[in-house]
Peer 1: 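Please see the structure below; I have some questions.
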Amino acid sequence: MPRSRCRKDSSFETSVTKSVFLYGRPNKDKLALLKRMQATFTALVNEDIRILSTRNDLMMQLVKNDKKDSTMRILEKTIRKKGLSSAFSQNAFDMAVTHLSHRLDEIRLDLLAEGMDPFARSKVLFAMSIMRKSRMEMISAMEDLEKDFYLDCAKKLRDMTEEEFTITQKIFQDLYAMKCIEYRIPQLRSVSVPLDSRLMKIETSDHVKTPYVICMTDPFRKNHRIQIPIDTSAHSLHKIQSRKMAGTVTMQVRKGKLRISWAYSRHMKQPKTDDMIGVDIGITDALYTSDDRQIGSMKEILDFYHDTVEPAFAELSDLRNKIRNISFYLRTHDLPEDVRRSLIEKMDRLSTMMQTMSAPYRKKRHYYDMLHAAIAATVKEYIGGLSPEILTVLEKLDIREFAKSKTSNGRFSMFARGKLQHRLMEELNWRGFDFLEVVPDYTSQVCPVCHNLDSNNRNGKDFICTCCGHHDDADHVGSLNIKARASDKEIKDICEKYKYNNKNLQTALRTLYATRHQEYINTESA
């Protein structure tokens, strides 16, 4: 599996898109056609991915996700399956390009974190490096683009000697080959079928009870359309009637029902803020704010997961391991027929037990229900007391920051904290409240009074500074430091400079805090 890497910063978006869902119950023949459409579309996407992944000459278009390039369109027409709608085939091809482009961008950002600058900073240089272009070709391409960023890349290439360029490119190629193994070429099992205006039309119904009817083109037969009544909840119906619908519509068959996803957008202005609140996301206190408010808790939910859900799945894992052991024993030993038959029957019994064990999955669903309910209540309580003039400052959570044991990581439960932060930022944006993310390094280990950075400052929920003796809740200290970082120019400059090198970032932060701590001591002694 690809290792985790630092995600991009999230910020306020002036245009937000959400989806409403409409459901239909097609008859047997229409349902069979819809299932065939989905299976065929998935197969087309996988086939297009296979073909595109072998075309090194199209690397530039893939890296830039340029589906409208003339070369790409010619290729799509060349490989198009006979007997299928052109729009249907084109949408599958575009989806294949997008999946490969996302894979390449993941690789590019990982190489950038490995120090492959400027070859991984620019998408153009990244593609040209994969295609093994010369240094002069790269310089020429950068200079043709004329923008300051590309001219800076061209200067870095000119400053390299030919020998340095060759060595760096060799390192790039080796790292790229390793990342290609790490990020495997996508193989999709099932996808939602995108429906544009060429393939469908959603109209208000005038002869059935449901509010809408979707009219879809049959991709396997010319000039043939099918109509299916679709219904939705009163809430979604209100959204459809009161919001401007975006152009994205997708279709998927789920458990014998047709599900139509219809996107709508909301445009808003970024609010002006004159105050800010730092928010620390934790476990015992789900949110602890810099104005000393404790909101929600996930401790009980995570205790339920560790005490109830994990043991239930451990039993399931034990049965799976027993089946594997018996299977291995059968393959590696020459046994009498009656013994073989007995072991095979035992495997069947264990397999039946696994298939009929509903308790682990029921407990896991209950855990998710508890988690989602707690997150919703916590977010609602926080936003309920917020005004548009306040900027919410959060720490940018990253799994790699928690280099602890498996048990400790389970206790921190990055999944639960990440879900809470994602939901909080989503709701803040949707309701028109501004927010900002800052780096989380050492926020709960630095004294907000004397700037003493010491891991011994914190002991669980208690914070006692080893220098000045400042005593507070550790999460409150974290929220104060998070708030301070939003307006700290020196820390902002360090974060920008070492954006892709966490080790150097932490070293620079420790140096800065040591300097500030010494200044505090000098001031106190004077």
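Throughout, residue positions are numbered sequentially from 1 according to the sequence presented.
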Peer 1: Please confirm whether the backbone N or O of His224 pairs with a side-chain atom of Asp218, one donor and one acceptor, at under 3.5 Å?
Peer 2: no

Peer 1: Main chain of Tyr288, side chain of Asp280: is a donor-acceptor contact present, judged purely on distance under 3.5 Å?
Peer 2: no

Peer 1: How close do Thr232 and Phe21 get, counting heavy atoms only, and between which atoms?
Peer 2: OG1-O, 2.7 Å

Peer 1: Tell me if a side-chain donor or acceptor on Asn429 pairs with a main-chain N or O of Met425 at a distance below 3.5 Å.
Peer 2: no

Peer 1: Taking the side chain as C-beta and beyond, is there a heavy-atom pair between Ile230 and Tyr23 under 4.5 Å?
Peer 2: no

Peer 1: Are the side chain of Gln38 and the backbone N or O of Val253 linked by a donor-acceptor pair below 3.5 Å?
Peer 2: yes

Peer 1: To the nearest 0.5 Å, how far apart are CG in Leu436 and NZ in Lys483?
Peer 2: 13.5 Å

Peer 1: State, with a plain yes or no, whether a side-chain heavy atom of Phe220 is found less than 4.5 Å away from one of Leu84.
Peer 2: yes

Peer 1: Answer whether the closest heavy-atom distance between the side chains of Thr40 and Pro219 falls below 4.5 Å.
Peer 2: no

Peer 1: Closest approach of Thr210 and Pro229, non-hydrogen atoms and distance?
Peer 2: OG1-CB, 3.2 Å

Peer 1: Take atom NZ in Lys322; do more than 12 heavy atoms of anything else shown fall under 6.0 Å from it?
Peer 2: no

Peer 1: Check Thr443 against Glu395 and note the closest heavy-atom contact, atom names and distance.
Peer 2: OG1-OE1, 3.5 Å

Peer 1: Has Arg266 got a side-chain atom pairing as donor or acceptor with Trp430's backbone, closer than 3.5 angstrom?
Peer 2: yes

Peer 1: Counting neighbours of CG on Asp148 that are heavy atoms of other residues, nucleotides or ligands and sit closer than 6.0 Å, is the number greater than 12?
Peer 2: no

Peer 1: Can you tell which of Gln421, Arg485, Lys396 makes a side chain to side chain donor-acceptor pair (under 3.5 Å) with Glu437?
Peer 2: Gln421

Peer 1: I'd like to check Met216 versus Leu34 (side-chain heavy atoms, cut-off strictly below 4.5 Å). Are they in contact?
Peer 2: yes

Peer 1: Would you say that more than 12 heavy atoms from the other residues, nucleotides or ligands in this model lie under 6.0 Å from the CD of Glu300, or not?
Peer 2: no

Peer 1: With rounding to the nearest 0.5 Å, note down the distance linking CD1 in Ile240 to NE2 in His235.
Peer 2: 10.5 Å

Peer 1: Do the non-hydrogen side-chain atoms of Glu389 and Asp275 ever get within less than 4.5 Å of each other?
Peer 2: no

Peer 1: Any chance you could measure Arg254, atom CZ, to Arg259, atom CZ, to the nearest 0.5 Å?
Peer 2: 4.0 Å

Peer 1: Is there a donor-acceptor contact under 3.5 Å from the side chain of Arg25 to the main chain of Lys257?
Peer 2: no

Peer 1: Any side-chain heavy atom of Ile214 within less than 4.5 Å of one from Trp262?
Peer 2: no

Peer 1: Would you mind reporting whether Ile482 and Val279 have side-chain heavy atoms less than 4.5 Å apart?
Peer 2: no

Peer 1: Can any side-chain N or O of Arg417 pair as donor or acceptor with the backbone N or O of Ile281 at less than 3.5 Å?
Peer 2: yes

Peer 1: Starting at NZ of Lys35, measure out to CG of Leu31 and round the result to the nearest 0.5 Å.
Peer 2: 4.5 Å

Peer 1: Report, as yes or no, whether the 6.0 Å neighbourhood of atom CZ on Arg132 holds more than 12 heavy atoms from other residues, nucleotides or ligands.
Peer 2: no

Peer 1: Under 4.0 Å between a side-chain nitrogen and a carboxylate oxygen: does that hold for Glu496 and Lys492?
Peer 2: no

Peer 1: Apply the side-chain contact (heavy atoms from CB on, under 4.5 Å) test between Tyr212 and each candidate in Leu237, Asp231, Ile260; give the one that qualifies.
Peer 2: Leu237

Peer 1: Identify which one of Lys68, Lys67, Arg73 satisfies the salt bridge (charged side-chain N to carboxylate O under 4.0 Å, His left out) criterion when paired with Asp94.
Peer 2: Arg73

Peer 1: Taking Pro186's backbone N and O only, do any of them form a donor-acceptor pair with Arg103's side chain (distance below 3.5 Å, no angle check)?
Peer 2: no

Peer 1: Whether Lys364 engages the ring of Phe313 as a cation-pi pair (distance to the six-membered ring centre under 6.0 angstrom, angle to the ring normal within 45°) should be assessed.
Peer 2: yes

Peer 1: Please report whether the ring centroid of Phe88 lies less than 6.0 Å from that of Phe41.
Peer 2: yes

Peer 1: With heavy-atom distances below 4.5 Å as the criterion, would you say the side chains of Val309 and His366 are in contact?
Peer 2: no

Peer 1: Using a 3.5 Å distance criterion without hydrogens, assess whether the side chain of Lys363 forms a donor-acceptor pair with backbone atoms of Phe304.
Peer 2: no

Peer 1: Kindly check if the number of other-residue, nucleotide or ligand heavy atoms within 6.0 Å of NZ (Lys380) is above 12?
Peer 2: no

Peer 1: Using a 6.0 Å cut-off, check whether atom CE of Met178 has over 12 heavy atoms from anything other than its own residue.
Peer 2: no

Peer 1: Could you please spell out the steps behind the side-chain contact (heavy atoms from CB on, under 4.5 Å) verdict for Phe126 and Met116?
Peer 2: CA-CA 9 Å; Phe126 178 68; Met116 285 289 101; over 6 Å; no

Peer 1: Roughly how far, to the nearest 0.5 Å, is OG of Ser479 from CG of Leu394?
Peer 2: 11.0 Å

Peer 1: Given side-chain contact (heavy atoms from CB on, under 4.5 Å), test Met72 with Asp66 step by step and report yes or no.
Peer 2: CA-CA 8 Å; Met72 300 291 271; Asp66 190 358; 5.8 Å; no

Peer 1: Is a donor on one side and an acceptor on the other found under 3.5 Å between the side chain of Thr273 and the backbone of Ile390?
Peer 2: no

Peer 1: Please determine whether the number of non-hydrogen atoms from other residues, nucleotides or ligands lying under 6.0 Å from atom CE of Met353 exceeds 12.
Peer 2: no

Peer 1: Which atoms form the tightest heavy-atom contact between Met142 and Cys153, and what is the distance?
Peer 2: SD-CB, 3.7 Å

Peer 1: For Tyr176 and Ser129, which I'm curious about, is there any donor-acceptor pair between the side chains at under 3.5 Å?
Peer 2: no

Peer 1: Just checking Arg198: does its CZ atom have more than 12 heavy atoms from other residues, nucleotides or ligands closer to it than 6.0 angstrom?
Peer 2: yes

Peer 1: Ignoring hydrogens and angles, state whether a donor on the side chain of Gln252 or Ser261 is under 3.5 Å from an acceptor on the partner side chain.
Peer 2: no

Peer 1: Please assess Phe93 against Leu44 for the test side-chain contact (heavy atoms from CB on, under 4.5 Å), listing each intermediate value before the final yes or no.
Peer 2: CA-CA 8 Å; Phe93 183 85; Leu44 277 176; over 6 Å; no

Peer 1: side-chain contact (heavy atoms from CB on, under 4.5 Å), that's the test. Do Leu33 and Asp29 meet it? Break it down for me.
Peer 2: CA-CA 6 Å; Leu33 175 60; Asp29 292 338; over 6 Å; no

Peer 1: Which heavy atom in Asn91 sits nearest to a heavy atom in Pro194, and how many Å separate them?
Peer 2: ND2-O, 3.4 Å

Peer 1: Which atom names give the shortest non-hydrogen contact between Val20 and Tyr264, and what distance separates them?
Peer 2: CG1-CE2, 3.5 Å

Peer 1: What distance separates Lys64 NZ from Leu104 CG, expressed to the nearest 0.5 Å?
Peer 2: 14.0 Å

